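Only one structure is covered here, and it is reproduced in the block below.
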Amino acid sequence: MQGRLSAWLVKHGLIHRSLGFDYQGIETLQIKPEDWHSVAVILYVYGYNYLRSQCAYDVAPGGLLASVYHLTRIEYGVDQPEQVCIKVFAPRNNPKIPSVFWVWKSSNFQERESYDMLGIFYDNHPRLKRILMPESWIGWPLRKDYIAPNFYEIQDAH
């Protein structure tokens, strides 16, 4: 089933894949990494002026990594703002996705966290570095194939 935004994107020749609707009725779309930045700019101009959240997850051990964007179209006088969920999948061996920092500034720390935990590189991010783990940390802790280092947790040592 195609949603309103998906129909609009098709009408304007923008490549995407409709993933249907989530349990709240929010339309979910898949965008290819190479198309994501231009689609993000178009969505912003179309009215999706608020990035509610950005997160990432590991689809399966050895599989794809996903970066997920929840966008909202905020307008004055509208009680139920239009929302959309965008998923951008990247290969595990070279997970690069264009940063949308220059479109939605609120993506700054959220993209940094996705980089820190899953190793997704956000091209053109102004300060892409670890935000939760020490800079010296090796690996990406939220990947399903991550093997924890063999040492005790410092906070449990007392």
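Here the structure is a predicted model, which means the values were calculated and not measured.
Put simply, CG on L9 and CZ on R4 are 12.0 Å apart, with the number rounded to the nearest 0.5 Å. For the atom pair CD1 (I131) and CD (Q110), the distance works out to 9.5 Å, reported to the nearest 0.5 Å. Rounding to the nearest 0.5 Å places OH of Y57 at 10.0 Å from CD1 of I120. With rounding to the nearest 0.5 Å, the separation of CZ in F21 from OG in S6 is 8.0 Å. Residue Y48 holds its OH atom at 13.5 Å from CD1 of I42, rounded to the nearest 0.5 Å. Put simply, NE2 on H70 and NZ on K87 are 7.5 Å apart, with the number rounded to the nearest 0.5 Å.
Looking at heavy atoms from C-beta onward, P98 lies out of side-chain contact with N124 at the 4.5 angstrom threshold. Residues D58 and L142 have side chains not in contact (no heavy-atom distance under 4.5 Å, counting atoms from C-beta outward). Between V10 and H16, some side-chain heavy-atom pair lies under the 4.5 Å cut-off. Taking the side chain as every heavy atom from C-beta outward, R143 and P95 approach each other to under 4.5 Å. You'll find the side chain of L71 reaches within 4.5 Å of the side chain of L51, heavy atoms only. Contact annotation: the side chain of Y122 approaches that of S114 to within less than 4.5 Å [non-hydrogen atoms, C-beta and beyond].
Applying side chain to side chain contact (heavy atoms under 4.5 Å, CB included) to L43 and the options V100, I86, L14 leaves one that passes, I86.
Surrounding OH of Y44 are at most 12 heavy atoms belonging to other residues, nucleotides or ligands under 6.0 Å away. The local environment of CZ in R130 is crowded, with over 12 non-hydrogen atoms from other residues, nucleotides or ligands closer than 6.0 Å. For NZ of K32, the number of neighbouring non-hydrogen atoms (other residues, nucleotides, ligands) closer than 6.0 Å is 12 at most. By the 6.0 Å contact criterion, CD1 on I15 is open, its count of non-hydrogen atoms from other residues, nucleotides or ligands being 12 or less.
Both F121 and M117 are assigned to one and the same hydrophobic cluster, defined by single-linkage of ILVMFWY side chains at heavy-atom distances under 4.5 Å. Hydrophobic clustering, with ILVMFWY side chains joined whenever heavy atoms are under 4.5 angstrom apart, keeps L5 apart from I26. Taking hydrophobic clusters as Ile, Leu, Val, Met, Phe, Trp and Tyr residues chained together by side-chain heavy-atom distances below 4.5 Å, L19 does not share a cluster with L29. The hydrophobic clustering, which links ILVMFWY residues whose side-chain heavy atoms are closer than 4.5 Å, places Y50 and F109 apart. Transitive grouping of hydrophobic side chains (ILVMFWY, heavy atoms separated by less than 4.5 Å) brings L128 and W137 into a common cluster.
For the residue pair W140 and D116, the shortest heavy atom distance occurs at CE3-O, 3.6 Å. Closest non-hydrogen pair, V103 versus V41, comes out as CG2-CG2, 3.8 Å. Taking all atoms of both residues into account, the shortest heavy-atom contact from R73 to Y46 is NH2-O, 3.1 Å. Minimum interatomic distance between P126 and W102 (heavy atoms only, all atoms of both residues): CB-CZ2, 4.0 Å.
Judged by distance alone, with hydrogens and angles left aside, the side-chain atoms of R112 form no donor-acceptor pair with the main-chain N or O of H125 at under 3.5 Å.
Applying the side-chain hydrogen bond (donor to acceptor under 3.5 Å, both in side chains) rule to D145 yields the partners R92; only residues at least two apart in sequence or on another chain are considered.
Of the N and O atoms on the side chains of Q54 and S67, at least one donor lies less than 3.5 Å from an acceptor on the other residue.
Ring pair Y69/W104: centre-to-centre distance not below 6.0 Å.
By the 6.0 Å and 45° rule, K105 stacks over the aromatic ring of F101.
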